[in-house]
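Presented below is the structure to which this report refers.
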Amino acid sequence: MQWWQDSVVYQIYPRSFQDSNGDGIGDIQGIISRLDDLQDLGVSVLWLSPVYPSPNADYGYDISNYVGIHPDFGTMDDMDVLLSEAKKRNIKIIMDLVINHTSDEHPWFKESKNPKSPYRDYYIWKQGKNKAPNNWTGFFGEPCWEFDRESGEYYLHLFAKNQPDLNYQNPKVLAEVKKIMRFWLDKGVAGFRCDVINVLHKSSFKDGKRRFFLKGMEYYISQEGCHDILQELRREVLDGYDCFTVGETVFVSPKDAHLFCAPERKELNMLFSFEHMETDQFLVKWFKRKFSAKRLAMVLAKWQTEVAWNANYLENHDQPRSVSRFGNDQLYWEESAKLLALLLFTLRGTPFVYQGQEIGMTNFDFSSMEDIRDVESKNIYALTKKMGFSSKARWRMMQKTSRDNARTPVQWSNARQGGFTTGESWIRVNANYAKINMHSQKEDEFSVRSFYKRMIKLRKQNAVLKEGSFELVKATNSLMVFKRVLGKDSLTIALNFSSKKRRVDTALQGSVLLSTYERVQGDQVQAQAQAQAQAVKADSFSGTLRPWEAVILR
Ligand code: ISL
Ligand code: CA
């Protein structure tokens with residue numbers, strides 16, 4: 001096993017993590033002040049969403065300087081302190097590598113607007129006779145060509161218009177990217193999360209067919225040229241360092257995942273796929289769909305069995321909170337948050353936890369568009385108006401899908417603003433911070449956070465959970481049962497995705513290694529774990545799961 005397979009990664013969205021100076025924006029000193037909490041939780045790698053200078057059209061995912069730090073977040077000295085303080089605690093850091101596009105305020109793009117500039121070919125400029133060069137559409141619900149008066153041509157942007165796509169047909173662009181990567185690796189970062197990394201290479205600019213509300217993707221998703229780029233970066237940069245990459249890849253199948261991640265191909269180490277995130281909504285968000293536990297189980301099982309090593313996640317900064325979409329964030333909030341934790345840590349692959357997930361943070365309680373900051377949400381809200389959706393439907397869509405659901409500040413305590421800032425937060429704090437916060441959960445050994453801690457420990461000590469194969473046993477609209485098998489050792493995991501008691505199966509036997517309903521006193525946990533390891537005394541499974549209960553059976 002490689003160290004990155006044996007790690008638990010924790011994603012930080014710095015803007016909303018912890019403010020240290022009262023300006024209402026989370027920052028690097030804030031992260032430093034919370035390193036002890038993170039070490040206590042048991043995570044070993046932090047992924048930082050972008051901390052680089054950015055005009056914030058897409059909050060950091062529009063970068064205007066790849067080797068600097070946004071003053072909102074601090075300085076490069078702060079970054080160096082973060083790296084060394086993390087290292088003291090055996091925590092590594094990976095950076096977000098956003099190289100499909102830059103900000104339109106990046107000096108390259110400003111130069112590029114001049115058709116005679118050597119930077120012209122850093123971006124994708126095309127002529128159009130009074131209309132866009134082709135019929136492609138972008139990810140954020142707006143056209144993906146923007147006309148530039150100055151130079152009389154259009155530039156391509158698959159995301160917001162302030163995020164022009166780089167031109168990877170130009171070898172100079174990749175040379176710049178290599179420099180950037182070396183800069184951070186030389187500083188001691190342990191790798192990269194690679195933003196929309198499978199769309200870098202555009203193989204043609206012909207009109208596209210419509211697929212999933214997007215036109216043109218057959219010419220830029222997972223093209224051969226993209227594989228070439230990744231192999232070159234691996235050979236020439238990454239191979240020289242002890243690091244790993246996790247790619248964010250859109251519209252991929254397990255087959256694609258194999259092409260990107262097979263060790264002998266030397267591209268990515270693992271990737272984030274989206275299919276399980278579509279079990280209650282579509283990647284392009286306005287699709288109406290009801291969550292189905294069966295669909296979730298089937299999709300997970302497919303990826304678990306067809307892909308050698310997955311990057312497992314239930315949340316990130318683009319997705320609604322998992323307890324609100326896959327669980328029951330009302331009556332069974334605690335139970336379902338624990339069930340989701342048990343699921344995450346018993347899957348095969350590297351687990352990724354998103355900030356606040358470990359305390360069961362819920363979707364944003366926003367009350368109007370005034371509360372919303374995200375460019376994607378704003379665009380989709382406007383677009384669906386044009387399309388004739390009722391305002392009620394559009395609002396429901398926002399509540400269910402807005403990326404701001406995940407971007408409300410981490411709830412540290414029941415102090416004003418949840419302890420996130422002493423000033424005014426850049427985005428509203430969820431009003432439920434008095435009930436759901438880190439401080440109270442740290443004190444409580446039966447809290448959601450304590451359960452995360454326990455699962456992280458259990459996974460660390462358990463070879464079957466880390467290395468075992470995955471076998472689906474059963475999937476219904478309320479139950480998911482699977483096995484992890486390593487040699488003669490095997491564990492059965494059974495989860496009840498419903499608010500009713502469920503009989504699993506009489507054939508399912510074994511002793512209960514762990515249940516989300518358990519209330520075991522602190523020092524008893526160790527003793528109990530030992531007893532169970534020796535298969536001495538442990539409760540045998542009754543065959544029935546309580547509402548939202550999940551168990552591990554041996
Ligand atoms: O949010 C989404 C899925 O629900 C997608 O539309 C998302 O934009 C896509 O997954 C790409 O995401 C990444 O690149 C974007 C950035 O806005 C996201 O925050 C980032 O994770 C452009 O850089
Ligand atoms: Ca701040």
Side-chain angles (χ1 to χ4, degrees), residues 11 13-33 47 49-52 54 56-63 69-75 78 96-103 137-142 144 157-166 193-200 212-214 217 221 246-252 271-278 280-287 313 315-320 325 352 354 373-380 400-407 409 417 420-426:
Q11 182 193 352
Y13 189 73
R15 225 183 149 72
S16 299
F17 188 66
Q18 172 72 75
D19 180 20
S20 72
N21 62 352
D23 66 357
I25 300 173
D27 46 50
I28 295 175
Q29 283 299 337
I31 301 174
I32 295 170
S33 73
W47 148 27
S49 273
V51 287
Y52 319 100
S54 162
N56 287 332
D58 189 18
Y59 291 114
Y61 285 89
D62 48 323
I63 299 171
I69 298 292
H70 196 303
D72 283 352
F73 295 135
T75 63
D78 293 330
D96 217 310
L97 188 71
V98 188
I99 55 171
N100 175 64
H101 43 265
T102 68
S103 160
T137 51
F139 281 77
F140 287 167
E142 53 181 28
C144 63
H157 61 92
L158 291 182
F159 295 87
K161 64 170 180 289
N162 313 87
Q163 293 169 298
D165 280 46
L166 284 163
R193 174 267 185 184
C194 310
D195 192 65
V196 285
I197 201 68
N198 65 326
V199 309
L200 300 187
F212 310 112
F213 295 88
L214 277 173
M217 52 185 263
I221 300 281
V246 48
E248 186 209 27
T249 49
V250 285
F251 300 109
V252 285
L271 57 76
F272 294 124
S273 60
F274 284 90
E275 211 180 334
H276 66 301
M277 288 289 154
E278 292 160 14
D280 68 333
Q281 56 180 247
F282 227 53
L283 178 62
V284 177
K285 306 205 169 170
W286 52 87
F287 201 82
Y313 73 99
E315 289 185 23
N316 63 36
H317 65 293
D318 292 333
Q319 299 290 337
R325 67 193 292 197
F352 286 71
Y354 177 66
R373 302 282 174 269
D374 174 32
V375 56
E376 185 196 58
S377 299
K378 288 181 186 168
N379 285 354
I380 289 181
K400 196 178 161 194
T401 68
S402 174
R403 305 198 296 186
D404 282 347
N405 279 311
R407 299 180 183 182
Q417 305 256 17
F420 165 68
T421 180
T422 53
E424 287 310 311
S425 174
W426 72 281

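In listed order, ligands and their atoms are each counted from 1. Just so we're clear, the structure is a prediction, and the values are computed from it rather than from any experiment.
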If the cut-off is 4.0 Å to any non-hydrogen atom of [X], which atoms of ligand 1 fall inside it?
{"X": "His101", "value": "22 (C), 23 (O)"}
{"X": "Arg403", "value": "1 (O), 8 (O), 16 (C), 17 (O), 18 (C), 19 (O)"}
{"X": "Phe274", "value": "10 (O)"}
{"X": "Phe140", "value": "8 (O), 17 (O)"}
{"X": "Arg407", "value": "19 (O)"}
{"X": "Gln319", "value": "3 (C), 4 (O)"}

Closest contact, heavy atoms only, [X] versus [Y]:
{"X": "Phe420", "Y": "Pro409", "value": "CG-CB, 3.4 Å"}
{"X": "His70", "Y": "Ser54", "value": "NE2-O, 3.1 Å"}
{"X": "Asp23", "Y": "Thr421", "value": "N-OG1, 4.5 Å"}

Name whichever N, O or S atom of [X] ends up nearest to the Ca ion (ligand 2).
{"X": "Asp19", "value": "OD1"}
{"X": "Asp27", "value": "OD2"}
{"X": "Asp23", "value": "OD1"}

Just let me know how [X] lines up against ligand 1, side chain, backbone, both or neither, with a heavy-atom cut-off below 4.0 Å.
{"X": "Gln281", "result": "neither"}
{"X": "Met277", "result": "neither"}
{"X": "Glu278", "result": "neither"}

Q.
Under a 3.5 Å cutoff, is there a donor and acceptor pairing between the side chains of Arg193 and Gln11?
A.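 Distance-only check fails for Arg193 and Gln11.
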Q. Without hydrogens or angle criteria, can the side chains of Gln29 and Asp78 be said to hold a donor-acceptor pair below 3.5 Å?
A.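 Yes, side-chain donor-acceptor contact under 3.5 Å.
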Q. Heavy atoms only: which of Glu248, Gln163, Arg193 is nearest to atom 9 (C) of ligand 1?
A.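 Residue with the shortest heavy-atom distance to the ligand atom: Glu248.
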**Q.** salt bridge (charged side-chain N to carboxylate O under 4.0 Å, His left out) partners for Asp58, two or more places apart
**A.**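 Checked Asp58 against salt bridge (charged side-chain N to carboxylate O under 4.0 Å, His left out); matches are Arg403.
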Q.
Are more than 12 heavy atoms, taken from residues, nucleotides or ligands other than Lys161, located less than 6.0 Å from that residue's NZ atom?
A.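 No, because the 6.0 Å sphere around NZ of Lys161 holds 12 heavy atoms or fewer from other groups.
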(Q) Test of understanding: with ring-ring contact (aromatic ring centres under 6.0 Å, His included), list the residues that count as partners of Tyr59, not counting sequence neighbours. (A)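 ring-ring contact (aromatic ring centres under 6.0 Å, His included) list for Tyr59, sorted by chain: Trp426.
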Q. Does Phe272 have its ring centroid less than 6.0 Å away from the ring centroid of Tyr313?
A.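 Distance test on ring centres: under 6.0 Å, yes.
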Q) Would you call the rings of His317 and Tyr354 parallel, tilted or perpendicular, where under 30° means parallel and over 60° means perpendicular? A)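 Aromatic pair His317/Tyr354 classed tilted.
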Q.
Before moving on, can you tell me the angle at the Ca ion (ligand 2) between the OD1 atom of Asn21 and the O atom of Ile25, to the nearest 10 degrees?
A.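 OD1 of Asn21, the Ca ion (ligand 2) and O of Ile25 span an angle of about 150°.
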Q) Looking at the Ca ion (ligand 2), is one of the N, O or S atoms of Asp72 less than 3.0 Å from it? A)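 Checking the Ca ion (ligand 2) against Asp72, no N, O or S atom falls under 3.0 Å.
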